[in-house]
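What follows is one structure encoded as structure tokens, with my remarks underneath.
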Amino acid sequence: MELPSNLIPDEASPEWMNKGDNAWQLTTATLVGLQTIPGLVILYGSMVKRKWAINSAFMAFYAFAMVLICWVGWGFRMSFGDKLVFFLGKPGVALDEKFLLKRAFAGYLPTATMVFFQSVFEAITVVLIAGSLLGRMNFRAWILFVPLWFTFSYTIAAFSIWCPQGWLAKLGVIDFAGGFVIHLSAGVAGFTAAFWVGPRAEKDRRNCPPNNVILMLAGAGLLWMGWSGFNGGAPFVASTISGLAILNTHVCTATSILTWLLLDSLFFGKPSVLGAIQGMITGLVCITPAAGVVQCWAAIIMGIISGSVPWYTMMVLHNKVKLLKLVDDPIAIFHTHAIAGGLGGILTGFFAVPKLCRLFYMVTDWEKYLGLVYGLQNGRTPAGFKQMGIQIAAMGFVIVLNVVVTSIICWFIGLIVRLRMSDEELENGDDAVHGEEAFALWHEGERLVGRRHNNKVYDTHEFSFVESKGEVQMV
């Protein structure tokens with residue numbers, strides 16, 4: 001019996017490549033990319049005061065572009081290439097077709113697909129750090145920060161935890177899709193960088209309403225739905241584990257949202273849109289290291305924990321701990337990513353199912369992956385406690401790495417350019433920083449400058465715009 005012509009191997013479709021897996025991986029990579037472009041661009045641009053809308057969105061837009069170039073230039077091989085030292089791979093380009101068209105280090109995929117898939121994960125990590133720095137970081141400093149942090153922090157965590165040759169990977173750490181590598185890293189690095197950059201202007205800290213709640217929900221929705229690619233693509237195959245990971249992701253997230261809203265309603269009297277978004281993010285982050293290796297009932301428990309513990313640290317503990325009050329973290333990246341990511345990593349060590357770990361890792365020594373619950377149940381209690389110890393050790397490594405490296409990077413950048421915007425830029429926002437404003441028409445006598453209409457450029461200093469009976473008129 002002959003294979004259909006479209007399944008017959010050829011030079012462009014070698015025998016080792018699975019077309020379905022390759023198509024799935026490219027799709028999930030695109031979904032993760034959409035979480036940032038436009039997801040976080042919209043979310044950041046709408047969550048801040050209107051004078052910071054462009055700067056906040058642009059920080060994400062720039063970082064996405066810079067990371068892709070750094071990734072193919074040297075980052076991919078530092079993260080997933082041949083070992084240089086026990087925590088880092090050898091730098092090298094990922095540009096040549098001989099390298100990109102051969103089989104990837106995992107899965108039935110070409111390396112080109114793997115390079116793109118991993119690039120969007122790194123990109124979103126740096127963009128999450130930006131969330132801690134909105135409204136005051138000098139954009140020139142941000143231009144330098146992105147490639148430096150990517151090179152000296154992300155690649156180390158990725159190689160140590162995800163690369164088969166990494167020291168934590170060999171120990172048996174479980175991080176399904178980036179609870180440690182991405183979210184804990186971003187939360188700790190963002191908090192550390194925010195400490196060094198300093199706070200926003202005092203009046204911006206006191207009064208910082210979002211400029212568009214509906215767009216904020218749209219950005220959050222892209223982030224939520226894009227997580228199907230974030231966790232669903234982690235196994236590198238279109239498998240049963242991919243389906244389980246996606247289901248667990250959305251069940252945990254929905255539970256976290258409802259838990260957060262319940263707590264808001266009980267303690268503050270009203271459910272909050274901002275609270276719902278924060279609960280969504282903590283649920284997504286918490287389930288990420290565990291998505292495909294825990295039962296669905298465990299995902300619900302993780303959702304309850306992710307909707308309550310970060311709520312407590314953000315709403316109660318934040319106002320009692322001096323350091324948390326001192327550091328200006330505009331959209332609470334520390335609570336939603338560092339706290340939730342750390343929780344997820346620890347809970348993974350508690351709930352990981354041996355069979356699911358076997359199906360995910362597909363390695364001969366799969367028995368080393370064992371959640372404490374199942375260690376107690378199966379008479380392998382020491383192995384369960386060992387797994388918890390490995391998870392905690394990985395968490396400690398990521399925290400120390402990011403505090404130290406991020407501090408050194410901020411100190412170094414401060415020798416070249418100022419980390420914080422000038423007082424004039426802090427006062428005037430986007431217009432002073434970029435010479436642009438997010439909204440074309442303003443009320444109360446404010447004017448448009450240099451706008452184009454019907455292909456003719458008007459010097460709009462000659463005109464003012466007023467609102468009359470719901471219509472904007474030029475006079």
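Among residues two or more places apart in sequence or in another chain, the side chain to side chain donor-acceptor pair (under 3.5 Å) test is passed with Ser422 by Glu425. Looking at residues two or more places apart in sequence or on another chain, you find no ring-ring contact (aromatic ring centres under 6.0 Å, His included) involving Trp24. For Phe360, the ring-ring contact (aromatic ring centres under 6.0 Å, His included) criterion is met by Phe176, not counting sequence neighbours. For Gln35, there are no side chain to side chain donor-acceptor pair (under 3.5 Å) partners two or more places apart in sequence or in a different chain. For Trp297, the ring-ring contact (aromatic ring centres under 6.0 Å, His included) partners are Phe351, not counting sequence neighbours. The salt bridge (charged side-chain N to carboxylate O under 4.0 Å, His left out) check on Asp328 picks up Arg200, Arg205, with sequence neighbours excluded. For Lys368, the salt bridge (charged side-chain N to carboxylate O under 4.0 Å, His left out) partners at least two apart in sequence or on another chain are Asp365. For Phe385, there are no ring-ring contact (aromatic ring centres under 6.0 Å, His included) partners two or more places apart in sequence or in a different chain. Under the salt bridge (charged side-chain N to carboxylate O under 4.0 Å, His left out) criterion, Glu427 pairs with Lys203, sequence neighbours left out. In this view, Asp204 and Lys49, Lys51 satisfy the salt bridge (charged side-chain N to carboxylate O under 4.0 Å, His left out) rule, not counting sequence neighbours.
Note on residues 161-173: pairs passing side chain to side chain donor-acceptor pair (under 3.5 Å), not counting sequence neighbours, are Ser160-Trp167. Among pairs with a residue in residues 265-283, those fulfilling side chain to side chain donor-acceptor pair (under 3.5 Å) read Ser256-Thr282, at least two apart in sequence or across chains.
With hydrogens and angles ignored, the 3.5 Å screen pairs no side-chain donor or acceptor of Gln387 with any backbone N or O of Gly349.
Checked against the 6.0 Å centroid criterion, the rings of His434 and Trp52 do not qualify as a close aromatic pair.
Around OH of Tyr374, the count of heavy atoms belonging to other residues, nucleotides or ligands within 6.0 Å exceeds 12.
The aromatic rings of Tyr154 and Trp71 sit perpendicular, their planes meeting at an angle over 60°, well past the 30° parallel limit. Using the six-membered ring where Trp is involved, Phe139 and Phe58 have ring planes that are parallel, under 30° apart on the 30 and 60° scheme.
With contacts defined as side-chain heavy-atom distances shorter than 4.5 Å, the pair Met78/Phe159 does not qualify.
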